[in-house]
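Keep in mind the model is a prediction, meaning the values are calculated, not measured.
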Amino acid sequence: MAITATILLVAVVSFVWNAVPAAITALGVALALFLTGTVTFAQAIAGFGDPIVIYLAGLFVVSEALDATGLTAWIGQLIAARVGSGRTAIVVALMLLSAALTALISVNGAIAALVPVAVIMATRARIAPSQVLLPLAFAAHAGSMLTMLGTPINVLVSELAVDAGARPFGFLEFALVGVPLVVGVVALAVVLGPRVLPERTADGAPRDFSAHAATLAREYAIEESATALGAADGVTEFVIPPRSPFLGDHVYPGMLTDDGDLIVVAVRRADRPVEHADLRVGDVILLRGTWDALERRAGAGVLPVDDPDRVRRQPARPGPRAVAAGAVLALMCAALALDLQPPAIVVLVAAAALVALRVITMAQAERSISVPTLLVVAGMLPMSTAIQSSGIADAVSRALVERLGGGSPVLLLAGIVVTVLAMGQFISNLATVLIVAPIAVSVAETAHVSPLPMLMAITVAGAAAFLTPVATTGNLMVQDPGAYRFGDFWRLGLRAWCCSPPSRSGSFR
């Protein structure tokens with residue numbers, strides 16, 4: 001118990017200090033537990049083969065497909081065109097969309113897809129992005145409680161419930177607490193947001209590329225319509241930098257590049273069009289071709305004016321790849337809801353299908369997988385084992401039952417929730433749940449109550465990571481675009497804490 005507690009304390013300090021990458025800390029936890037004999041070798045590496053790691057990796061790929069095809073951005077644009085320019089309408093629409101997307105993909109995927117949309121909507125309505133981005137992130141955290149897909153924590157606690165001898169959670173059972181949580185967070189953002197959120201605009205806010213093809217068609221006097229121009233491919237401007245290998249090459253509109261996969265649409269020098277030119281530093285070439293070819297060309301002796309990958313994610317309308325991504329997502333959700341196969345297998349098949357259908361490339365799929373996140377999960381799972389096997393879970397659970405169990409099981413529930421809420425503001429909510437979950441199960445067993453409300457409660461508390469920017473990756477993703485400071489989070493987050501409803505999943509007896 002002493003060794004496990006010491007390793008756990010060092011890990012928590014490392015997570016809070018944040019000087020050492022979280023993945024390194026998690027791997028150090030697994031290694032320390034093995035070297036001290038606290039867990040066996042098999043237990044130390046068991047996390048790397050756990051279904052939750054496979055599930056999470058597949059979900060990263062699915063999220064990337066929805067974002068890379070522009071499907072999520074297109075949905076956001078449709079909503080932006082219909083909600084008008086009022087602050088309340090924009091905030092409510094963005095928060096509901098964020099919660100809905102999170103329920104289907106993930107917190108990080110939904111926030112990454114919607115941040116550019118939110119900034120653009122706010123800018124067009126002359127609202128500071130800081131007024132909408134933090135509510136967007138909070139809604140994503142709340143939306144993770146709507147379905148099993150919202151966060152890996154949901155799958156994790158469902159597996160822990162089975163290990164504890166209870167039934168697994170249903171695909172939509174999290175919505176029993178998720179819906180009230182979303183409603184409460186949206187209401188608070190609407191009512192208190194204008195008073196507690198700052199009025200700031202970041203220097204490097206995302207740009208609006210929804211009319212990119214039309215802009216280029218107008219500036220370069222391209223006769224082809226903007227709709228046709230961006231239907232099957234796109235066009236991108238490239239600048240010739242110093243020491244480019246293409247300096248001196250003769251170019252003209254209509255010629256093919258050496259590899260034959262791009263067409264020179266236009267050439268400009270000193271902001272004037274030229275028909276024939278030997279390339280010089282500062283010349284601008286407008287190239288047309290597939291997005292993959294444009295992305296390969298970027299950086300290879302030429303510099304893109306606008307990142308082709310960012311442009312392709314804000315389409316005027318969804319293409320065939322977006323339709324395929326949406327179809328795969330729908331089938332994946334149906335399979336998960338009907339419990340046809342284990343969640344890890346379902347998500348893995350969906351990820352493989354997206355690559356096989358060429359919705360995204362293998363390289364995109366590989367880049368989308370956050371290896372540090374997987375390492376945190378795999379490295380911290382042995383700690384959950386050690387907390388149980390060392391006797392810490394039993395000792396803590398007995399202490400909680402002795403001090404709080406005399407009143408009612410609700411007091412025990414409150415004690416567990418407060419623990420997760422406090423820890424989850426400074427370390428990963430996933431790591432927090434991995435640490436507290438075995439204690440929650442042990443508390444339930446000691447008090448002779450069902451573990452389901454306990455596990456649901458720590459899941460809700462894990463989603464309520466509202467007080468600090470370091471609580472989740474999602475919070476960090478909105479910090480720079482919203483120009484937020486550390487204290488901005490708790491001003492709204494402290495109110496949102498109070499919106500976390502009590503668990504209603506299962507009875508205590």
Side-chain angles (χ1 to χ4, degrees), residues 64 67-74 77 112-113 116-117 119-120 204-247 249-277 279-322 358-361 363-364 367:
E64 170 65 14
D67 186 25
T69 58
L71 183 59
T72 49
W74 176 74
Q77 291 169 12
V117 177
V119 172
I120 292 165
R207 294 178 54 198
D208 182 6
F209 292 114
S210 58
H212 185 69
T215 300
L216 293 179
R218 181 179 63 255
E219 291 187 357
Y220 285 87
I222 300 173
E223 296 181 359
E224 190 174 4
S225 69
T227 302
L229 189 65
D233 49 20
V235 287
T236 299
E237 296 169 292
F238 291 91
V239 177
I240 304 300
R243 296 174 297 281
S244 170
F246 301 112
L247 289 174
D249 285 4
H250 187 73
V251 295
Y252 54 90
M255 71 173 288
L256 291 173
T257 57
D258 292 339
D259 48 18
D261 55 1
L262 293 172
I263 300 174
V264 177
V265 178
V267 182
R268 277 190 172 186
R269 175 174 294 164
D271 206 29
R272 295 181 179 178
V274 292
E275 292 299 323
H276 291 268
L279 291 177
R280 302 177 185 173
V281 174
D283 286 349
V284 179
I285 308 175
L286 189 65
L287 297 180
R288 177 175 181 174
T290 64
W291 287 114
D292 292 338
L294 290 169
E295 289 176 27
R296 287 195 301 270
R297 177 64 63 179
V302 292
L303 300 177
V305 175
D306 299 304
D307 182 9
D309 185 56
R310 285 290 96 198
V311 177
R312 80 186 295 184
R313 293 176 188 236
Q314 295 188 38
R317 60 183 180 182
R321 294 165 61 248
R358 297 184 178 179
V359 174
I360 57 175
T361 65
Q364 284 179 297
R367 289 196 302 267

Please walk me through it: do V267 and Y252 pass side-chain contact (heavy atoms from CB on, under 4.5 Å)? CA-CA 7 Å; V267 182; Y252 54 90; over 6 Å; no
With I263, which of T257, L287, L256 fulfils side-chain contact (heavy atoms from CB on, under 4.5 Å)? L256
So do the side chains of [X] and [Y] get within less than 4.5 Å of each other, counting heavy atoms only?
{"X": "L303", "Y": "F238", "result": "no"}
{"X": "L286", "Y": "V264", "result": "no"}
{"X": "D283", "Y": "V239", "result": "no"}

Surrounding CZ of R269 (heavy atoms of other residues, nucleotides or ligands, distance under 6.0 Å), is the total greater than 12? yes
Closest approach of [X] and [Y], non-hydrogen atoms and distance?
{"X": "G301", "Y": "S244", "value": "O-OG, 2.6 Å"}
{"X": "E237", "Y": "V284", "value": "CB-CG1, 4.1 Å"}
{"X": "P253", "Y": "A266", "value": "CG-CA, 4.3 Å"}
{"X": "I240", "Y": "L247", "value": "CG2-CD2, 3.5 Å"}

Would you confirm whether R288, through its side chain, and V265, through its main-chain N or O, come within 3.5 Å as a donor-acceptor pair? no
Short question: side chain of E219, backbone of L216 - any donor-acceptor pair under 3.5 Å? no
What's the spacing between I285 CD1 and T236 OG1 if we round to 0.5 Å? 12.5 Å
Rounded to the nearest 0.5 Å, how far does CG of D249 lie from CE of M255? 8.0 Å
Check ring pair (Phe, Tyr, Trp, His ring centres under 6.0 Å) between H250 and all other residues, then give those that pass, not counting sequence neighbours. H276
Contacts of R268 that satisfy side chain to side chain donor-acceptor pair (under 3.5 Å) - sequence neighbours left out: D271
